[in-house]
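A note on names: the letters A, B, ... follow the listed sequences, proteins ahead of strands, and every chain is numbered from 1.
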Amino acid sequence: MLNNSAEPQNLNELLARAAQIAGLTLGELAAKARIKVPPNFKREKGWTGQLLELSLGASAGSKSQQDFAHLGIELKTIPIDLNGRPLETTYVCYAHLTQIAGIEWHNCNVKNKLKQVLWVPIDGRREITPCDRIIATPFLWSPSIVQDQQLRQDWEELMELIALGKIEKITARHGQYLQLRPKAANGQVLTDAIGPGGNIIQTRPRGFYLRKEFTHAILCEAFN
DNA sequence: AGTTGATCATGA
DNA sequence: TCATGATCAACT
């Protein structure tokens, strides 16, 4: 998907653009971008996120940093139901499983990614065809002191297990707000990780995800 | 293979 | 019914 939209030069420009797409369907926004909407997301799972990047002028190709790096803002679409509840967990970033010495909460990818997020809630009910799904009101969010602490606690617990070579003991049930789950093209993909004896083992790549409970709280305070 | 964008689909 | 574990696509 090509990025033919100019980057917003400042925060107001970005927020103004975001406000303008509220209420549109994905079909209407796709028409503006001159791209086709898939009948479902069985194959193009990240299509909505890419449409929004394109429409809001996110800097494409800039990996491992925020979508709007010059503004320090990350863009996240989030599928919701009629009650405004999240339908899916939210991917944050890839989890490094080796060479984690020196990585602390204050300088980790999770904290950096979530410093400022432009959330774009979208009616994601599966009974509605992607073309007709309506974009709700986008809003800017930064973690509160409490939220930062919640994420930090889970992150530190997970990272400690990883550092102790217990990656294979970690399941998605760990962490109250932040969880670790497989993140790869398929189950055959392997990457290095720390083994039980401090040796290097092969395991499935993992990613950090925000639980629905956490994002629901974010949505609630935004629309209370 | 790594990392981004995520949702799918099956077992519990 | 729903979360976990698996998977899909693009790009590097």
Query raised in the report: Between Arg211(A) and Thr90(A), is any side-chain donor less than 3.5 angstrom from a side-chain acceptor?
Result: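 On atom types as modelled, these side chains do not qualify, holding no pair under 3.5 Å.
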
For [X] and [N], what is the distance between atoms [atom1] and [atom2] respectively, to the nearest whole Å?
| X | N | atom1 | atom2 | value |
| --- | --- | --- | --- | --- |
| Phe68(A) | dG5(B) | CZ | P | 11 Å |
| Gln179(A) | dA6(C) | CD | P | 13 Å |
| Gln50(A) | dA9(C) | CD | C1' | 7 Å |
| Arg204(A) | dT3(B) | CZ | C1' | 18 Å |
| Gln66(A) | dT3(B) | CD | C1' | 15 Å |
| Leu56(A) | dG5(B) | CG | P | 14 Å |

Requested in this report: Enumerate the residues from residues 21-31 of chain A whose closest heavy atom to DNA chain B is under 4.0 Å, giving them by residue number; use none for an empty result.
Outcome: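 Those residues whose heavy atoms fall under 4.0 Å from DNA chain B, taken from residues 21-31 of chain A, amount to none.
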
Query raised in the report: For dC2(C), does OP1 or OP2 lie under 4.0 Å from any side-chain N or O of Lys212(A)?
Result: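 The answer is no; no side-chain N or O of Lys212(A) sits under 4.0 Å from OP1 or OP2.
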
Report task. Report yes if at least one side-chain N or O of Arg173(A) is closer than 4.0 Å to OP1 or OP2 of dT4(C); otherwise report no. Result ->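 For dT4(C), neither OP1 nor OP2 has a side-chain N or O of Arg173(A) closer than 4.0 Å.
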
Requested in this report: If the plane angle is over 60° it's perpendicular, under 30° parallel, otherwise tilted; pick one for Trp47(A) and Phe41(A).
Outcome: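 Trp47(A) and Phe41(A): parallel rings.
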
From the options [options], select the nucleotide whose nearest atom is closest to the side chain of [X].
| X | options | value |
| --- | --- | --- |
| Asn186(A) | dT4(C), dT7(C), dT3(B) | dT7(C) |
| Cys93(A) | dG5(B), dT4(B), dA6(C) | dT4(B) |
| Pro182(A) | dG5(B), dA6(C), dG2(B) | dA6(C) |

Query raised in the report: Are the side chain of Asp154(A) and the backbone N or O of Tyr177(A) linked by a donor-acceptor pair below 3.5 Å?
Result: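 Yes, because the side chain of Asp154(A) sits within donor-acceptor range (under 3.5 Å) of the backbone of Tyr177(A).
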
Query raised in the report: Within the distance-only criterion (no hydrogens, no angle test), does the side chain of Asn83(A) pair as donor or acceptor with the backbone N or O of Arg85(A) below 3.5 angstrom?
Result: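 Side chain of Asn83(A) to backbone of Arg85(A), a donor-acceptor pair under 3.5 Å: no, none is there.
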
Query raised in the report: Going through the distances and angles, do Ile218(A) and Gln147(A) end up as a side-chain contact (heavy atoms from CB on, under 4.5 Å)?
Result: CA-CA 9 Å; Ile218(A) 294 173; Gln147(A) 288 168 332; 3.9 Å; yes

Query raised in the report: Base, sugar-phosphate alone, or nothing: which one does Glu74(A) contact when heavy atoms must sit under 4.0 Å apart?
Result: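 Sugar-phosphate, no base atom in range.
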
Query raised in the report: Would you say the side chain of Lys183(A) and the base of dG2(B) hold a donor-acceptor pair, judged only by whether the two atoms sit under 3.5 Å apart?
Result: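 Per atom types, no contact qualifies.
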
Query raised in the report: Is the closest side-chain heavy-atom distance between Glu221(A) and Trp141(A) below 4.5 Å?
Result: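 Result yes, sub-4.5 Å side-chain heavy-atom pair found.
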
**Report entry** Non-hydrogen side-chain atoms of Gln116(A) and Glu74(A) separated by less than 4.5 Å
**Finding:**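 Not in contact.
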
Query raised in the report: Relative to the 5' end of DNA chain C, which residue comes earlier, Gly187(A) or Leu87(A), by the nucleotide with the nearest heavy atom?
Result: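 Result: Leu87(A).
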
Report task. Identify, between Ala184(A) and His174(A), the residue whose nearest nucleotide on DNA chain C lies closer to the 5' end. Result ->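 Nearer the 5' end of the strand: His174(A).
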
Query raised in the report: Using a cut-off of 4.0 Å between protein heavy atoms and nucleotide atoms, how would you tag nucleotides 7-12 of chain B 5' to 3' with B, S and -?
Result: BBB---

Query raised in the report: To which residues is Tyr209(A) joined in a hydrophobic cluster, defined by side-chain heavy-atom contacts under 4.5 Å among Ile, Leu, Val, Met, Phe, Trp and Tyr, whether direct or through other members?
Result: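 Once heavy-atom contacts under 4.5 Å are chained together, Tyr209(A) belongs with Tyr91(A), Tyr94(A).
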
Query raised in the report: Between Gly49(A) and Thr191(A), which is nearer to the 5' end of DNA chain B once each is assigned its nearest nucleotide?
Result: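 Nearest nucleotide further toward 5': that of Thr191(A).
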
Query - side-chain contact (heavy atoms from CB on, under 4.5 Å) between Leu161(A) and His174(A), worked out - result: CA-CA 10 Å; Leu161(A) 289 170; His174(A) 285 81; 3.8 Å; yes

